[in-house]
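Working notes, structure below.
All of these numbers come straight from a predicted model, not from anything done at the bench.
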Amino acid sequence: MHFITGGAFNGKRKWVKRNYAMDQCVWLTAYEADSLTMPPNADIPSVVVLEGLEEEIHTRINPVLSPDTIRQDVMNQIDPWLAWEAADSHRRLVIIGTDISKGIVPMEKRDRLWRDVTGWVYQDLVERAERADVIWYGMEQTIKRNDRKGK
């Protein structure tokens, strides 16, 4: 899995389109009401991009639930995609999530919970990712790289 993060409107989408074959890609975006939790299947092309993870997390924020429960729920939704990728060495899962951790701490409890859970989920993803990049102003900084064997 390739995890990509960076600030809003910093070129993450453009960078992915430049670096992956878009003719072999399914692009799901939470910004346009697609569900990032669509179950994967064998008919999906070799590259799947899940964009707007922070928005998907935002829909799950519920102050009644513990942060750990929300965090685990999000990861449980991503696990089938990771299994889809692992089933075939030609498949690639790309997850794009905007960094919402910078700046002023939100005053509203729900917004603080959203920021915190998003940061924890991103940590979980980076831990499981083969590659992680930060895109700032269109420039890539690789923060993790474990190349697949044979690639």
Side-chain angles (χ1 to χ4, degrees), residues 1-62 67-103 110-111 113-151:
M1 179 249 299
H2 186 177
F3 179 65
I4 298 166
T5 190
F9 305 103
N10 269 245
K12 297 177 298 295
R13 179 185 295 183
K14 183 178 178 180
W15 187 90
V16 169
K17 287 181 177 181
R18 192 172 56 237
N19 286 278
Y20 284 95
M22 289 296 101
D23 61 328
Q24 301 172 3
C25 177
V26 168
W27 193 293
L28 300 173
T29 176
Y31 302 131
E32 297 173 6
D34 287 343
S35 174
L36 302 187
T37 60
M38 176 184 100
N41 63 60
D43 298 330
I44 293 176
S46 60
V47 177
V48 170
V49 178
L50 305 180
E51 176 190 37
L53 185 57
E54 76 287 350
E55 288 298 318
E56 185 74 21
I57 293 168
H58 190 261
T59 65
R60 297 169 186 278
I61 296 302
N62 181 342
D68 288 337
T69 299
I70 300 167
R71 179 181 181 181
Q72 189 58 55
D73 180 49
V74 172
M75 292 307 296
N76 287 344
Q77 296 300 317
I78 292 172
D79 282 341
W81 286 110
L82 293 170
W84 168 85
E85 180 186 44
D88 184 333
S89 64
H90 295 97
R91 292 178 180 166
R92 187 62 156 173
L93 176 63
V94 179
I95 299 176
I96 304 172
T98 296
D99 182 352
I100 61 169
S101 66
K102 308 277 190 288
R110 186 176 191 277
D111 291 338
L113 181 61
W114 174 38
R115 182 201 57 175
D116 294 348
V117 170
T118 299
W120 292 323
V121 168
Y122 288 5
Q123 289 178 51
D124 295 339
L125 290 174
V126 169
E127 183 178 315
R128 295 176 74 176
E130 293 174 348
R131 179 173 176 180
D133 288 292
V134 178
I135 309 297
W136 289 110
Y137 312 114
M139 296 176 58
E140 155 202 2
Q141 179 183 15
T142 301
I143 58 174
K144 180 180 180 182
R145 186 174 196 123
N146 295 328
D147 288 328
R148 294 179 180 187
K149 293 179 182 175
K151 285 204 166 189

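- Every residue meeting the side chain to side chain contact (heavy atoms under 4.5 Å, CB included) condition with Lys17, not counting sequence neighbours, appears here in chain and number order: Arg13, Met22, Trp27.
- The closest donor-acceptor contact from the side chain of Trp114 to the backbone of Glu54 lies under 3.5 Å.
- The two atoms that bring Val26 and Pro45 nearest to each other are CG2-CD, 3.2 Å, heavy atoms only.
- A donor-acceptor pair under 3.5 Å is absent between the side-chain atoms of Thr5 and the main chain of Val134, judged by distance alone.
- Between Arg131 and Glu140 there is a salt bridge, since at least one side-chain N of the basic residue sits less than 4.0 Å from a carboxylate O of the acidic one.
- Although no hydrogens or angles enter the test, the distance criterion places a donor-acceptor pair under 3.5 Å between the side chain of Lys144 and the main chain of Val126.
- A salt bridge links Glu130 to Arg92: at least one charged side-chain nitrogen sits closer than 4.0 Å to a carboxylate oxygen.
- The shortest distance between side-chain heavy atoms of Val121 and Ile57 falls below 4.5 Å.
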| task | Give the intermediate values and the outcome of side chain to side chain contact (heavy atoms under 4.5 Å, CB included) for residues Arg71 and Asp124. | result | CA-CA 9 Å; Arg71 179 181 181 181; Asp124 295 339; 2.7 Å; yes

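- Shown here are the side chain to side chain donor-acceptor pair (under 3.5 Å) partners of Asn62, two or more places apart in sequence or in another chain: there are none.
- Summarising the geometry of Tyr122 relative to Thr98, their closest heavy-atom pair is OH-O, 2.9 Å, with the distance given to 0.1 Å.
- By the side chain to side chain contact (heavy atoms under 4.5 Å, CB included) test, Asn76 pairs with Gln72, Asp79, sequence neighbours left out.
- In this view, Thr59 satisfies the side chain to side chain donor-acceptor pair (under 3.5 Å) rule with no residue, not counting sequence neighbours.
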| When you look at Val47 and Leu93, which way does the side chain to side chain contact (heavy atoms under 4.5 Å, CB included) test go after all the steps? | CA-CA 6 Å; Val47 177; Leu93 176 63; over 6 Å; no

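- Checked against side chain to side chain contact (heavy atoms under 4.5 Å, CB included), Ala83 has no partners two or more places apart in sequence or in another chain.
- Residues Glu55 and Thr29 form no side-chain contact, since every pair of their non-hydrogen atoms from C-beta on lies 4.5 Å or further apart.
- Applying the salt bridge (charged side-chain N to carboxylate O under 4.0 Å, His left out) criterion to Arg110, with sequence neighbours excluded, gives no partner residue.
- Remark: of the listed residues Thr69, Asp68, Ile70, Ile70 is the sole one forming a side chain to side chain contact (heavy atoms under 4.5 Å, CB included) with Val117.
- Considering all non-hydrogen atoms of both residues, Ala30 and Gly52 come closest at CB-O, 3.4 Å.
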| message | side chain to side chain contact (heavy atoms under 4.5 Å, CB included) for Ile96 and Leu50? Distances and angles first, verdict last. | response | CA-CA 6 Å; Ile96 304 172; Leu50 305 180; over 6 Å; no

| side chain to side chain contact (heavy atoms under 4.5 Å, CB included) between Ile44 and Arg91: does it pass, once the steps are laid out? | CA-CA 9 Å; Ile44 293 176; Arg91 292 178 180 166; over 6 Å; no

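- Residues Tyr31 and Glu56 bring no donor and acceptor atom of their side chains to less than 3.5 Å of each other.
- Every residue two or more places apart in sequence or in another chain that forms a side chain to side chain donor-acceptor pair (under 3.5 Å) with Asp73 is listed here: Arg60.
- Under the rule for a side chain to side chain donor-acceptor pair (under 3.5 Å), the partners of Asp99 that lie at least two apart in sequence or sit in another chain are Ser101, Lys102.
- With a 4.5 Å cut-off on side-chain heavy atoms, Ile4 and Ile95 do not count as touching.
- For His2, the ring-ring contact (aromatic ring centres under 6.0 Å, His included) criterion is met by Trp15, Tyr20, not counting sequence neighbours.
- Atom CG in Leu125 sits 4.5 Å away from atom CE in Met75 (nearest 0.5 Å).
- Of all the heavy atoms in Pro67 and Trp120, the pair that sits closest is CB-CZ3, 3.5 Å.
- Not a single salt bridge (charged side-chain N to carboxylate O under 4.0 Å, His left out) links Arg115 to another residue, sequence neighbours left out.
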